[in-house]
*Asks:* 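Here you go, one structure.
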Amino acid sequence: QGRIHQFKLVLLGESAVGKSSNGDNGDWRMECQDLWAVSFNHTHCFLSISLVMRFVKDHFDEYRESTIGAAFLAQTITLDDNTVVKFEIWDTAGQERYKSLAPMYYRGANCAVVMYDITQSSSLDKAKMWVDELQRQAEPDIVIALCGNKTDLESRRVVETSVARAYAEENGLLFIETSAKSAHNVSDLFTMIAKRMPLD
Ligand code: GDP
Ligand code: MG
């Protein structure tokens, strides 16, 4: 019987890259209040997440209503008979206006997925800002994965894989490209992170 290794995982990135479906659709004041309420209750926060929905429920909903809840979201990955990794997954809003709220999300995080949209070069710039911030302010041993999402939109790609991969390598990040829509590489993203976590 192996034991379960549990880690906190945070999602960061510019709005609309595919972390969740709240984006700019919702009323941000309401969302802010909810975010604070969540933090004060010490509850785990889950804003329905495109990528995480694919990972956890194997489902993608293009027209999903924007929801924000104080539900606990967790998923386990079995690496082998003796190794089960459980991720507590926290979503954040990537907008600048939430910048001051970010530290309470990544405090204590063991791993982070910093996501960009391969069809929006500005989203890679924003991802680099999050990487800088995490490397300066988060736990020193945090495992960071850079994730280029929306590979199903290959015809609209503007961020070359080689460019993003080179940046990731220079900065000691894991790197993968995914599609929450087609499910491409979604479980691989989490498995790759699980394999990098300290499991002793
Ligand atoms: P967030 O702001 O980063 O949380 O992004 P959302 O999860 O709200 O997604 C923003 C928009 O991108 C929504 O319309 C999603 O349906 C869409 N989206 C998310 N992931 C993908 C993907 O892999 N491919 C495509 N084509 N659209 C996606
Ligand atoms: Mg979101």
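We count ligands from 1, going down the list as the structure has it; atoms in each ligand are counted the same way. Numbering starts at 1 and runs along the sequence shown.
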*Asks:* Verify whether one side chain among D152 and S179 offers a donor that lies under 3.5 Å from an acceptor in the other.
*Replies:*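 The answer is yes; a qualifying pair exists.
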*Asks:* Do we see a donor-acceptor contact under 3.5 Å between the side chains of E133 and Y106?
*Replies:*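 Their side chains do contain a donor-acceptor pair, which is all the 3.5 Å distance test asks for.
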*Asks:* Using a heavy-atom cut-off of under 4.0 Å, does the side chain or the backbone of T178 touch ligand 1, or both, or neither?
*Replies:*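 It is neither part, as no heavy atom is under 4.0 Å.
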*Asks:* Flag this pair as yes if the NZ/CZ of K86 is under 6.0 angstrom from the six-membered ring centre of F7 and inside a 45 degree cone about the axis; otherwise no.
*Replies:*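 Because its charged atom misses either the 6.0 Å distance or the 45° angle limit, K86 does not stack over F7.
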*Asks:* For T83 and D80, test the side chains for any donor-to-acceptor distance below 3.5 angstrom and give the result as yes or no.
*Replies:*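 Short answer, yes.
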*Asks:* Which of the atoms in ligand 1, numbered in the order shown and given with their element, are less than 4.0 Å from a heavy-atom of L153?
*Replies:*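 Going through ligand 1 atom by atom, the ones under 4.0 Å from L153 are 26 (N).
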*Asks:* Which of the numbered atoms in ligand 1 are below 4.0 angstrom from a heavy atom of N149?
*Replies:*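 It comes down to these atoms of ligand 1: 20 (N), 21 (C), 22 (C), 23 (O).
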*Asks:* Pull out every atom of ligand 1 sitting under 4.0 Å from any heavy atom of S179, numbered as shown with elements.
*Replies:*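 This gives 23 (O) as the contact atoms.
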